[in-house]
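Notes to accompany the following structure.
Labels below follow one simple rule: chain letters A, B, ... track the order of the sequence lines, proteins then strands, and each chain is numbered from 1. Values reported hereafter were calculated over all heavy atoms of this structure, with side chains retained and with hydrogens, waters and symmetry mates removed.
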Amino acid sequence: MRIKGLMKITGSQFIWTLLIIDGCNFIPFIKTAIVEAKQDAWISILIAGLSAIVLTLLLVRLSLMHPGKTLFGFSRAVLGPWFGRIVVLPYFAAWISISVMILRYSGDFIQSVLLDKAPVWVVMLILSMLMVYSAHGGIGGIGRYNEVVGPVFFITTVVSFSLNGRNLRWERILPVYYDNGWLQIAKGAVPLTTLLGGESLLLLVLIAFMANPRKAPLLSSIALGGTTLTFVALTVLSLSVFGPALAVRLQDPFFSFMRTVDIMEFIQQIDIFMFSLWIFGITTILSAHLFVVSYELSQWLKLNDWYALIWIIAPVIFVAAQLSPGATMYGPFFNWWSYYAFPVCGIGIPLLLWIATLVDGRRRRAG
Amino acid sequence: MSAHRLGLLLLALVGVSLIAGCGNRREPDHLAFNMGDGLDMTKDGKLEVSFQIALPSGIGGGDGTWGGGGAAHETYELTSAKGINIYDAIQHAQKELSRELFPGHREVILIGQPLAEHGIAHLLDEFVRNPRSELRSKLLVVKDAEAKDVLAQKAIFEPFMSMGLRRQQDILRLRHVYFHDFMSDTLTEGLDPYVPAIGLTAASKPYYYGSAVFNKAMGLKTVGFLDANETAYANWITGKQAGYECSLPIGGGNGDNISVTFNSLRKSIRTRKAQDRIMVDLHLSGIGAIVENNSTLNPTRAPDRRTIEQAINRKTKREIETLIAKVQREYRADIFGFGEAYHRQHPLQWKKVSGKWNDRFPELRVAVQVELTCERNSGLVTSPIDVN
């Protein structure tokens with residue numbers, strides 16, 4: 001295969017890429033957690049983050065059993081050419097469908113807040129172009145990009161925490177636990193676990209490109225832990241500004257939280273900074289998915305050129321996003337994602353691959 | 001991909017983003033900056049919204065009204081329009097304007113008394129739903145007048161009345177009632193909202209009256225007003241005010257009086273259940289400085305200072321008890337948040353009263369304890385001026 005783009009990713013690039021992917025994907029879901037768990041949403045997020053770390057470590061472990069091989073490479077190695085080919089199909093479905101969702105959601109959101117006179121397809125087209133441009137730099141290109149954007153993103157977020165002090169009413173997050181109980185808290189945690197864990201499915205491919213794969217468990221735990229802590233803090237802060245009852249009625253508690261900053265009558269409307277950084281992050285998410293799908297699919301199709309597939313898959317994602325019904329689809333989609341797609345791709349198939357790897361190893365040692 | 005094709009892609013990208021930018025042009029000189037909204041109900045029961053719009057020609061430049069001197073330009077325009085809801089009224093107002101109404105800098109939302117008494121529960125959605133709407137606006141009720149009457153007045157210092165109203169709240173050491181705070185209080189069960197109220201003097205000058213009490217159970221309508229003194233007490237209990245002034249007759253002599261300014265106001269609300277009743281122990285404290293003393297009491301002497309403090313504490317306690325009884329009996333709206341305190345302190349017992357708090361609030365027994373001292377700013381603690 002012809003080497004194209006940058007196909008190696010360093011440790012810090014890996015951390016920032018994961019942080020950005022998880023962080024930007026998480027922002028719209030603060031509200032999901034608040035809808036279920038009200039003022040205890042931060043507990044849901046904490047639980048979701050910890051469970052996602054456990055699931056991710058298992059996926060990383062599986063990937064490390066096959067150094068240098070991506071998902072399709074090792075599933076073919078342990079399950080044989082035919083069955084190995086079939087088990088990766090759900091991953092293509094999952095990755096493409098979540099890209100479609102993210103593209104559509106971002107398009108709708110950017111359009112409603114910033115560009116309400118532009119048609120959604122124009123917004124999505126621009127995002128798709130950014131996605132293609134970024135993906136065709138290879139995973140190393142995406143990593144370099146995030147190394148720059150990541151620190152800016154997280155510094156801005158943390159600085160914004162300190163600007164809203166006057167609006168905080170800590171009593172709004174009380175009483176802890178009693179109003180909602182474990183069932184509601186768990187209901188809030190499930191979609192977030194599968195969301196964060198779902199992003200970790202990318203690791204089954206990405207680890208093969210790491211300069212130093214043995215560090216992957218540590219680095220991915222740092223990234224997920226960082227995301228979780230940031231969002232626990234953000235959720236507590238935005239709940240104590242709005243209270244749970246208002247937070248569930250806002251379009252997005254995260255950006256609204258940024259909007260309430262009002263210092264000395266001129267430090268206002270800082271949400272616009274977060275917004276542009278968030279768009280950077282969306283580009284990362286989309287391009288990472290596009291890269292992973294294109295690369296895996298080129299292996300699957302025995303093509304030598306994964307580049308060409310970018311130009312096929314990106315239009316498919318764009319058209320599907322344009323044809324999708326938008327807001328009414330998010331609820332059903334994430335139900336499907338939480339209760340079908342993720343259990344299959346994040347737990348079922350990896351378990352199968354794990355067992356097959358062990359059996360394979362034993363057979364090899366025996367033979 | 002060759003460099004050539006990459007260049008083409010970039011060009012297309014720039015082109016498309018430019019088109020989107022033009023399609024969505026919202027330059028400052030295409031916008032009408034809406035500084036304040038006034039919501040009123042007309043005599044025939046229709047909604048009327050007034051928009052105070054900043055006129056850049058009146059404000060800009062160094063010689064405008066900001067600087068003080070120079071030609072007296074108009075700094076704002078007041079446009080009113082009727083509609084079946086807020087958005088409808090905005091659309092009707094837009095017909096008179098060559099620039100797009102932009103609510104992103106809205107300072108205040110004023111509600112006229114007739115509308116406030118009619119209820120505003122059905123008017124809140126637009127403010128939250130519109131992504132360009134401003135949750136940082138401050139909400140105020142206009143007592144005995146319509147909202148547009150206040151917006152139409154020229155502010156003394158500021159270019160617009162809406163800005164003047166906001167700055168006045170800072171001077172009064174009020175913690176702003178932002179629209180998002182109002183919404184949050186409205187949506188929380190054990191709490192009723194109350195917002196600052198503006199009155200008009202006989203000469204039609206707006207002044208800070210106190211606050212308007214909203215009752216949620218009755219459709220989020222104003223059920224009564226609190227004067228400035230009562231509001232200061234209510235704000236103390238809810239933590240919305242940093243300090244207040246107190247003047248009272250004191251001592252034996254005729255016409256003897258004293259003024260104290262209080263700071264560092266603290267509160268503690270403890271709730272408990274005794275038999276079948278919910279009890280509230282309200283403990284209020286603060287530290288004050290004597291700012292005027294026309295009496296023979298000498299605050300540098302400990303016994304005299306204690307006399308002053310006792311008199312202030314007695315008066316304050318009595319007035320707060322009267323206030324709480326009035327709000328419980330007449331307004332039946334838990335503006336003090338006793339319900340939320342009970343909810344947070346006894347989350348399990350709360351479930352028994354949840355949904356019925358509005359009926360339980362008037363039955364609460366509240367024990368008030370006031371502990372004000374006059375020890376702040378000891379530099380001011382001198383003997384009274386004695387002219388004899």
Side-chain angles (χ1 to χ4, degrees), chain A residues 4-5 39 109-119 121-123 125-126 128-130 132-133 136-137 166-167 169 171-181 239-252 255-257 259-262 264-265 268-269 271 307-308 310-311, chain B residues 1 6 9-10 12-14 16-17 19-26 104-105 107 124-125 128-138 163 166-167 170 175-176 178-189 191 238-240 269 337 340-351 354:
Chain A
K4 279 176 173 174
Q39 67 267 45
F109 194 61
I110 293 169
Q111 196 246 6
S112 76
V113 177
L114 279 185
L115 302 164
D116 58 359
K117 284 178 194 158
W121 70 265
V122 174
V123 180
L125 184 64
I126 296 170
S128 306
M129 285 172 149
L130 289 171
V132 169
Y133 177 67
H136 100 298
R166 293 203 317 175
N167 286 324
R169 293 293 195 98
E171 67 269 18
R172 285 184 177 144
I173 62 167
L174 298 173
V176 175
Y177 174 70
Y178 289 103
D179 275 9
N180 305 299
L239 281 169
S240 46
V241 169
F242 299 116
L246 177 57
V248 300
R249 285 167 172 86
L250 295 168
Q251 191 186 9
D252 188 288
F255 289 109
S256 300
F257 170 78
R259 270 184 86 81
T260 53
V261 171
D262 182 10
M264 299 192 294
E265 294 184 29
Q268 295 175 335
Q269 311 212 333
D271 55 316
Y307 259 45
I310 287 184
W311 295 98
Chain B
M1 179 187 280
L6 186 69
L9 173 73
L10 277 175
L13 206 128
V14 170
V16 172
S17 30
I19 293 167
C22 287
N24 217 74
R25 188 155 69 159
R26 201 174 281 123
H105 292 274
E107 295 271 356
L124 301 173
D125 183 79
V128 178
R129 188 179 302 273
N130 183 348
R132 267 182 285 145
S133 168
E134 188 49 271
L135 291 171
R136 272 181 284 116
S137 305
K138 277 110 244 157
M163 196 185 276
R166 179 210 163 105
R167 294 214 171 151
D170 290 335
R175 194 169 166 160
H176 294 296
Y178 289 105
F179 193 77
H180 60 78
D181 289 317
F182 176 79
M183 286 301 296
S184 183
D185 289 357
T186 302
L187 296 168
T188 307
E189 196 201 336
L191 199 55
T238 55
K240 284 182 185 148
I269 303 172
E340 266 317 283
Y342 188 62
H343 178 190
R344 284 158 190 153
Q345 289 163 12
H346 306 281
L348 291 176
Q349 282 97 311
W350 168 257
K351 294 191 173 159
S354 172

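When A:V241, A:D179, A:V123, A:D252 are compared by the number of non-hydrogen pairs under 4.5 Å with chain B, A:D179 comes out ahead. For the options B:S184, B:S354, B:P347, heavy-atom pairs under 4.5 Å to chain A are most numerous at B:S184.
When all heavy atoms are compared, the tightest approach of B:I269 to B:A341 is CG2-CB, 3.8 Å. Across all their heavy atoms, A:L239 and A:P244 have their closest contact at CD2-CA, 3.8 Å. Annotation for A:Q39 and A:N180: closest pair OE1-ND2, 3.5 Å, computed over non-hydrogen atoms.
For A:V176, no part sits under 4.5 Å from any heavy atom of chain B, backbone or side chain. Neither the backbone nor the side chain of B:D125 comes within less than 4.5 Å of any heavy atom of chain A. Proximity to chain B (any heavy atom under 4.5 Å) is shown, for A:R172, by both the backbone and the side chain.
Classification of the B:W350-B:H343 ring pair by plane angle, with boundaries at 30° and 60°, yields parallel.
In this structure, A:F242 has its ring center no closer than 6.0 Å to that of A:F257.
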